Trainee: 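This is the structure I want to talk about, given as structure tokens.
So that the names make sense, note that chain A is the first sequence line, chain B the second, and so on, each numbered from 1. Because the structure is predicted, anything quoted here is derived from the model rather than measured.
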Amino acid sequence: QLQLQESGPGLVKSSETLSLTCSVSGGSISSSRYYWGWLRLPPGRALEWIGNIFYRGTAYYNPSLKSRVTISVDTSKDQFSLRLTSVTAADTAIYYCARRDYYDITFDPWGPGTLVTVSS
Amino acid sequence: QSALTQPPSASGSPGQSVTISCTGTSSDIGSYNYVSWYRLHPGKAPQLMIFDVNKRPSGVPDRFSGSKSGNTASLTVSGLQAEDEGDYYCSSSAGSNDVLLGGGTKLTVL
């Protein structure tokens, strides 16, 4: 059974860079059937898609975040990572990683999520 | 502002049915049968409830069903149970690599 787990600092200072890693277990990240994605849920606001990456490194980002986001993949460790630069309080959210079907954009399964708070 | 429009809340009594709508455009929901629904519970991993408009993943009760008409997709929960409470989000493809999401609907079982 495939499982995903987010990890990284729970507190980031304003204007600095948020970095998170998603570890995949119970399966390989090197599959041509799937993308690997990041989404977030800010407190009191709606779920937001951040971006996804294919195991060969091709990445797609939400246009509203594209200038600040980088998603990378490490197939040797079955991990993929998120970097978000110049964070503000608006980036405070629960961050989720998930597997995305290559064709129908379905996200399943998801990690449990990790809360990242941006402090001033 | 979310790309897809959902009502902020929905409710029903145990045993009743409730339907949550998700409205997009002819460029997304209206053009592709790639609509998914997710349930978010605080402290838990989000769960896929419906994919490809009306398909249920294994483990999701058949009380959950999905449909689409024109630019609007719908999630119906029949025989409401207390455990069905949560925030429900719809998602659709727009033919590009972007993922469109709704604003979420809070389902309350009265």
Trainee: For R63(B), I'd like to know if atom CZ has over 12 heavy atoms of other residues, nucleotides or ligands within 6.0 Å.
Mentor: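 Yes, CZ of R63(B) has more than 12 neighbouring heavy atoms, counting only those of other groups under 6.0 Å.
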Trainee: What pair of heavy atoms forms the shortest contact from G111(A) to A45(B), and how long is it?
Mentor: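 Shortest heavy-atom separation between G111(A) and A45(B) comes out as O-CB, 3.5 Å.
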Trainee: Of the listed residues (S92(B), S91(B), P46(B)), which shares the most heavy-atom pairs with chain A below a 4.5 Å separation?
Mentor: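 Option with the greatest count: P46(B).
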Trainee: Does any backbone or side-chain atom of Y38(B) lie under 4.5 Å from a heavy atom of chain A? Answer side chain, backbone, both or neither.
Mentor: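 Contact with chain A is through the side chain of Y38(B) alone.
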Trainee: Given that the side chain runs from C-beta out, which part of P63(A) has a heavy atom under 4.5 Å from chain B: side chain, backbone, both or neither?
Mentor: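 Side chain of P63(A) only, per the 4.5 Å heavy-atom cut-off to chain B.
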Trainee: Side chain to side chain contact (heavy atoms under 4.5 Å, CB included) between D108(A) and F51(B): does it pass, once the steps are laid out?
Mentor: CA-CA 10 Å; D108(A) 182 56; F51(B) 67 101; over 6 Å; no
Trainee: Indicate, with yes or no, if I50(B) and V53(B) share a hydrophobic cluster defined by side-chain heavy-atom contacts under 4.5 Å among Ile, Leu, Val, Met, Phe, Trp and Tyr.
Mentor: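 Looking at the clustering, I50(B) is in the same group as V53(B).
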Trainee: What part of N62(A) lies closer than 4.5 angstrom to a heavy atom of chain B: side chain, backbone, both or neither?
Mentor: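 When you check distances to chain B, no heavy atom of N62(A) falls under 4.5 Å.
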Trainee: Side-chain heavy atoms nearer than 4.5 Å, only ILVMFWY residues, links allowed to pass through others: does that put I53(A) and L4(A) together?
Mentor: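 They do share one cluster, since a chain of ILVMFWY contacts under 4.5 Å joins I53(A) to L4(A).
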Trainee: Which atoms of Y96(A) come close to chain B, meaning under 4.5 Å heavy atom to heavy atom: side chain ones, backbone ones, both, or neither?
Mentor: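 Interface part for Y96(A): side chain.
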Trainee: Atom CD1 of I105(A) and atom CG of N97(B): how far apart are they, to the nearest 0.5 Å?
Mentor: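 Answer for the CD1-CG pair, I105(A) versus N97(B), is 10.0 Å.
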Trainee: Linking I/L/V/M/F/W/Y whenever any side-chain heavy atoms sit under 4.5 Å apart, do Y60(A) and Y95(A) land together?
Mentor: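 Y60(A) and Y95(A): separate clusters.
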Trainee: Quick one: do W110(A) and L2(A) end up in the same hydrophobic cluster if we chain Ile, Leu, Val, Met, Phe, Trp and Tyr together by side-chain heavy atoms under 4.5 Å apart?
Mentor: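 W110(A) does not cluster with L2(A).
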Trainee: Where on D101(A) is there a heavy atom nearer than 4.5 Å to chain B: the side chain, the backbone, both, or neither?
Mentor: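 Neither part, no heavy atoms under 4.5 Å.
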Trainee: Is there a path of hydrophobic side-chain contacts, each under 4.5 Å between heavy atoms of I, L, V, M, F, W or Y residues, that connects V87(A) with L65(A)?
Mentor: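 The answer is yes; both residues are in one hydrophobic cluster.
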Trainee: To the nearest 0.5 angstrom, please state how far the CG atom of D98(B) sits from the OH atom of Y61(A).
Mentor: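 Atom-to-atom, D98(B):CG and Y61(A):OH are 13.0 Å apart.
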Trainee: Below 4.5 Å from any heavy atom of chain A, which atoms of S2(B) appear? Answer side chain, backbone, both or neither.
Mentor: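 Just the side chain, heavy atoms under 4.5 Å.
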Trainee: Taking NZ in K68(B) as the centre, count heavy atoms belonging to other residues, nucleotides or ligands within less than 6.0 Å. Is the count above 12?
Mentor: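 Atom NZ in K68(B) is packed in, count exceeds 12.
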Trainee: Quick one: which of L101(B), V99(B), D87(B) has the most heavy-atom pairs under 4.5 Å with chain A, could you say?
Mentor: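 It is V99(B).
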Trainee: Strictly less than 4.5 Å between heavy atoms, which residues of residues 24-50 of chain A line up against chain B? Please order them by number.
Mentor: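 Against chain B, the residues of residues 24-50 of chain A that fall inside the cut-off (heavy atoms, under 4.5 Å) are Y35(A), L39(A), L41(A), R45(A), A46(A), L47(A), E48(A), W49(A).
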